[in-house]
Amino acid sequence: MIGYFARKLGTYVLAFFLGATIDWGIPRLMPGNPVQIYVAKFQLQSPGAWEALNKLFTKAFGLNVPVWKQYLNFWNGVIHWNFGVSYTQFPEPVSHVIFSAVPYTLALLVPAITLSYVLGNRVGAMAARRKALDNTILPVGYFFQAMPYAWLALAMAFFLGAYYRWFPIGGAYAQGMVPNASWSFVWSLISHWFLPFMTVFLVSFGGWAIGMRNLVIYELETDYSRYLRSLGASERLVRRYAYRNAVLPQLSGLALQLGVVIGGNIVTEVVFNYPGLGNLIFKAISGEDYFLLQGIFLFIIVGVCIANFLIDIIYVLVDPRTRLSMQGAQA
Amino acid sequence: MTASPGEIGPAAGVEEASSLGSSSTEEVGAGSEPVLGPVGSIAGGGVEARATVAAGAPVVGAPSGLGVGPRQFTGGRRWEFLYFALRNKKLLLGMSVELVFVVLAIIGPAIAPYNPSKFVARPNLGPSGAHLMGTTYFGQDVFSQLLYGLRDSYLVGFLGGLFAAIVGMAIGFSAGYRGGVLDEVLQVFTNIIVMIPSLVLLIVISAYLKTRGILFEGVFIGVTTWPWVARAVRAQTFTLRERDFVDLAKLSGRRATSIIVKDIAPNMASYLFLVLILLFGSSILLAANFDFLGLGPTNTVSLGTMMNQAMLWSALQLHVWWWFIPPGAVITIIVAALLVANVGLDEVFNPRLRAT
């Protein structure tokens, strides 16, 4: 058991290490120099001032030391969770800016991922071998699965937001409102949250439902299912076994799917101007806020690692064979 | 890695799993449970898992009896597949939709009524006879843009799918066939790549790389979406390499690459074909999201960039729905048709799934 998780943790540490190194390396490998981009913004005329400013920024970015030292300094910053100061929201430190956006992103992602997974699996399992349900859910599921997040978000924002005005769009709560504990504020939060949540939810939901339907159909045709039926087991029992087996590949699929959902979430936040990490990252590109960009990238990788670890734990809980083989490995 | 011919089938699989075990959850399951669950890249996933199940199951689970193993695919049953393919409604429906759009993508620029980037009419005109899908904020013809953009979206989907398939198969085959240390290393590598979200990586790269072409986008999609392919191909190779015919090939002294290409790959050809289709679809979707954020090719118009422009120039607020609804709808139809065709093909290849 310990060996299994130690191994998993090792992978996460490596992933984090590689991610951080990419994060550090990209600005240095890419053509163009961030320092010059910043200096160019001041539109200086005299070469002396240009020179001085260039020197100042090079020092501020820590680029005046050898590369290996820059790398060590970078890790020092990572360990202390210090990514420098945001350029677009000067003088806020990057970590503050990130932490103020994280709750919004989590409020979208966590319910969307868990609900779409749980409900999608249920509905998919129900659709398997039930013709009426299958004929309605399957086409709808394909449709949702085939939608680009950006388009579903735009369509929802237009029809339900801009056109019929059922839901407000833009921001996390009504403009001019001050966060407080009143019902009207909570209602404002929920009504702003609903459409972006539905966007992320619906696309994933279609995928899970279809995947589960297909897996359960397959499981219902396996030898063990036939054997169970021939023993006179109720269809309900057979289905329960089928479900338990089918849920495993879905779970490892969830781990693979995280990156795509996070990407979808970024797009959705941009469409709805929802103040989470996705929106922040978008603003960081247009504002050329490289420190902020670096910080968000690292933060997301940490998030993915944690989520993967949780999925691993759930996998062990759900699949008795994993538990058994781990005990076997120890004995 | 030598395997005695006696160790074929499920038993060998289980042993494999427990000895190699615990490098990731999937292997532990892989022994008695052939399903790997590469519920992958298409948003929400799920269909891939089916493909794995469909093609993978007979190899491990049912060495004899009902399953048409991928082995028979290369045998004399090719016409049988054609027979079922021509009678599979899902496959026919998906393929005909796809054909229409491919033709449109090819002849699109020739039949487009206007130059897609030129000012041709009053801005933000609604759909009419002269402008089937209205005009943009800049007075460009949306329908013409759509016809041009279709080609780029297909091209990116094709490039991305192709590169992902190449990388995924190369890694999956070598890990699965060689096993041992190489397998371990490649596994860890794959698991690491899974954890780096492609969109975020692309955002960081794009912040520095100001000009990007279609090729860049295709390659980028390829090098970030291969992990589920590698995992699935590895699992399949794992079960195939224990078979008699692979042992025979090894005895005859052929090189590993030749065994993989000539003996192992053909036995999972149907599965690889399904993988390609799914990769194609997911690449189109990914590219749409990239383009929407303005991270796509900087020099062309694609379906995703149309939505990007619409968003940037307040199409939402101005109620110019004809600017962003058509491109997204076309992507949805293209990808949905691919998914439907994929399920149809799955049924063609795997008799167990044919409608009962």
Side-chain angles (χ1 to χ4, degrees), chain A residues 4 7 11 14-15 18-19 26-27 30 32 142-143 145-151 154-155 157-158 162-163 203-204 206-208 210-211 214-215 218 221 248-250 252-253 256-257 259-260 262-264 266-267 270 281 285 293 297 300-301 304-305 308 312 315 319 321-322 325-326 328-329, chain B residues 17-18 21-23 25-26 28-29 32-33 35-47 49-50 53-54 57 61 188 191-192 194-200 203-209 227-228 285 288-289 292-293 307 311 316-317 319 321 324-325 328 331-332 335-336 339-340 352:
Chain A
Y4 169 79
R7 217 184 155 110
T11 315
L14 271 177
L18 182 82
I26 285 175
M30 288 292 149
Y142 282 128
F143 196 56
Q145 201 189 1
M147 281 185 192
Y149 282 94
W151 187 59
L154 279 172
F158 176 69
Y163 196 77
V203 176
S204 309
W208 295 128
I210 288 175
N214 294 337
L215 284 166
Y218 170 73
E221 295 295 311
L248 296 175
Q250 289 281 80
S252 31
L256 277 170
Q257 208 40 51
V260 176
I262 288 174
I266 291 177
V267 173
V270 170
I281 204 171
I285 326 177
L293 216 49
F297 184 75
I300 290 181
I301 288 182
V304 175
C305 286
N308 265 286
D312 280 339
Y315 203 105
D319 185 7
R321 283 170 307 198
T322 319
S325 75
M326 283 187 319
Chain B
S18 50
S22 63
S23 73
T25 343
E26 286 79 19
V28 183
S32 44
E33 169 67 57
V35 180
L36 254 211
V39 187
S41 331
I42 295 214
V47 179
R50 159 74 168 293
V53 176
V188 172
N191 289 341
I192 288 173
V194 169
M195 273 185 258
I196 295 175
S198 59
L199 185 67
V200 188
I203 286 175
V204 176
I205 292 178
S206 307
Y208 300 93
L209 204 63
W228 72 266
L285 276 183
N289 278 342
F292 172 74
L293 288 180
M307 291 194 280
M311 173 85 195
L316 271 184
Q317 289 77 9
H319 294 196
W321 56 268
F324 55 84
I325 294 292
I331 294 176
T332 307
V335 178
L339 293 177
V340 171
R352 276 194 186 193

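Heavy atoms only: backbone and side chains are in, while hydrogens, waters and symmetry mates are out. Computed from a prediction, not measured in an experiment: that's the story for all the values here. So that the names make sense, note that chain A is the first sequence line, chain B the second, and so on, each numbered from 1.
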d(A/I285 CD1, B/I203 CD1) to nearest 0.5 Å is 4.5 Å

Separation between CG (B/L293) and CD1 (A/I281), nearest 0.5 Å, reads 9.0 Å

Tightest non-hydrogen contact, residues A/A150 and B/N289, listed as N-OD1, 3.5 Å

The reported gap from CG in A/L154 to CZ in B/F324 (rounded to nearest 0.5 angstrom) is 5.5 Å

Per-residue tally against chain B (heavy atom, under 4.5 Å) across A/A162, A/G263, A/P148 peaks at A/P148

| query | Under 4.5 Å between any side-chain heavy atoms of B/W321 and A/Y163, yes or no? | reply | no

Q.
Using side-chain heavy atoms (C-beta onward) and a distance below 4.5 Å, is A/W151 in contact with B/I331?
A. no

Residues passing the side chain to side chain contact (heavy atoms under 4.5 Å, CB included) test with B/S206, sequence neighbours excluded, are B/L202, B/R212, B/L295

### Side-chain heavy atoms of B/S198 within contact of A/V260, under 4.5 Å
no

Interatomic distance, CG@A/N308 vs CG@B/N191, rounded to 0.5 Å, equals 8.5 Å

> Within a strict 4.5 Å, meaning less than it, do heavy atoms of the B/I196 and A/F297 side chains meet?
Replying inline: yes

Should A/I262 and B/L199 count as side-chain neighbours, where that means a heavy-atom distance under 4.5 Å? no

Closest non-hydrogen contact found for B/L285 with A/Q145 is CD1-O, 3.7 Å

Contacts of A/A15 meeting side chain to side chain contact (heavy atoms under 4.5 Å, CB included) (sequence neighbours excluded), chain-then-number -> A/C305, B/I192, B/M195

Bottom line for B/F292: the part with an atom under 4.5 Å from chain A's heavy atoms is side chain

Bottom line for A/I300: the part with an atom under 4.5 Å from chain B's heavy atoms is side chain

